Amino acid sequence: KFLIGVPRASMVISEKEKTMTAYHEAGHALPYYYLENATPLHKVSVIPRGRALGVTVGVPETDTYAHTRSWILDQLVIFFGGYAAETVVYQDTTTGTQNDIQRATELARKMVCQWGMDVNIGAVSYGQEDEPIFMGRELNRHKTYSEEMARKIDEAVEKILRTAKERALSILEDHRDQLDALTKALMEKETLCDAEIRELLGFSPRKEEVPAQ
């Protein structure tokens, strides 16, 4: 999804890389239709923007100022969709997963440390490491919790991420035919909206898209 160190003006994408990007973005898009709590998909595109080789966008139906644990867990699955698609199709992964994994990790850590969303850690805010304290040339950082708790937090975060990755892999493996069809359509049209994807893959239209009788 991200091409590291290559400015947009000089970006020339080979057919192979465009195909890999299409699979990556299709991997992000397809889980939207199998996740109960996910934000509705708006569009998916393989037209490069900046350093991004493609983009998948979800848009909430109403303004949302807080999210449930269920929504966040589904969002993590979507983050891992590109990684899962690369794994399923190529049995390999690319540097394009960097931003997805980073965002997923940050979100999972907030679930555990700030929002009390892990049953084993509990509803306690552990926050972030304290701000740096400069003493001469020394830079000290210290946690407000023990090394044992830090280990438990890391294990909780890793479990959340592992589960999200496994859910993404399961969706794409079970619906590989739809992943291929969506990728092929992206290669041809480059950008697809939700209504087009629903028609392509045989999903029912969203309620607001159904013509009034």
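When a residue number appears, it is its place in the shown sequence, counting from 1. Note that the structure is a prediction, hence the values are computed from the model and not measured. Computed from heavy atoms alone, side chains included, the values below leave out hydrogens, waters and symmetry copies.
For Lys152, the side-chain contact (heavy atoms from CB on, under 4.5 Å) partners two or more places apart in sequence, or in a different chain, are Ile121, Glu148, Met149. Contacts of Asp154 classified as side-chain contact (heavy atoms from CB on, under 4.5 Å), with partners at least two apart in sequence or in another chain: Arg109.
Residue pairs meeting the ring-ring contact (aromatic ring centres under 6.0 Å, His included) criterion with at least one member in residues 97-125: none, sequence neighbours excluded.
Salt bridge annotation for Arg206-Asp194: present, with a cationic side-chain nitrogen under 4.0 angstrom from a carboxylate oxygen. A salt bridge is absent between Arg151 and Glu147: the closest approach of a Lys/Arg side-chain nitrogen to an acidic carboxylate oxygen does not fall below 4.0 angstrom.
Here the side chains of Lys110 and Ile72 are not in contact, with every heavy-atom distance at 4.5 Å or above. Side chains of Leu182 and Leu192 form a contact here, defined as non-hydrogen atoms less than 4.5 Å apart. The shortest side-chain heavy-atom distance between Tyr33 and Leu41 falls under the 4.5 Å cut-off. Using a 4.5 Å cut-off on side-chain heavy atoms (C-beta onward), Leu179 and Val89 make contact. In this structure the side chain of Ile153 reaches within 4.5 angstrom of the side chain of Tyr126, judged on heavy atoms. Taking 4.5 Å as the limit, every side-chain heavy atom of Lys18 sits out of range of all side-chain heavy atoms of Leu53. The shortest distance between side-chain heavy atoms of Thr87 and Asp92 does not fall below 4.5 Å. For the pair Thr191/Val44, no side-chain contact is recorded, criterion being any heavy-atom separation below 4.5 Å from C-beta on.
Between the side chain of Arg198 and the backbone N or O of Ser204 there is at least one donor-acceptor pair closer than 3.5 Å. Side-chain atoms of Ser170 do not come within 3.5 Å of backbone N or O of Glu166 as any donor-acceptor pair. In this structure a side-chain-to-backbone donor-acceptor pair under 3.5 Å is missing from His42 to Gly58. With Gln114 contributing its side chain and Met111 its backbone, the two residues share no donor-acceptor pair below 3.5 Å.
One finds the SG atom of Cys113 at 9.5 Å from the CG atom of Asp118 (value rounded to the nearest 0.5 Å).
Shortest non-hydrogen contact noted between Leu172 and Gly27 is CD1-CA, 3.9 Å. Leu76 approaches Ala164 most closely through the heavy-atom pair CB-CB, 3.7 Å.
Counted by atom type alone, Asp74 and Tyr34 present zero donor-acceptor pairs between their side chains at under 3.5 Å. In this model, no donor atom of one side chain and acceptor atom of the other lie less than 3.5 Å apart for Glu86 and Thr93. Residues Asp180 and Tyr23 have side chains that bring a donor and an acceptor to within less than 3.5 angstrom of each other.
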Yes or no on side chain to side chain contact (heavy atoms under 4.5 Å, CB included) for Ile160 and Leu73, after CA distance, side-chain angles and deciding distance?
CA-CA 8 Å; Ile160 290 172; Leu73 291 174; 4.2 Å; yes
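Relative orientation of the His67 and Trp71 rings is parallel, given thresholds of 30° and 60° on the angle between their planes.
Between Tyr32 and Phe203, the distance separating the two ring centers is not shorter than 6.0 angstrom.
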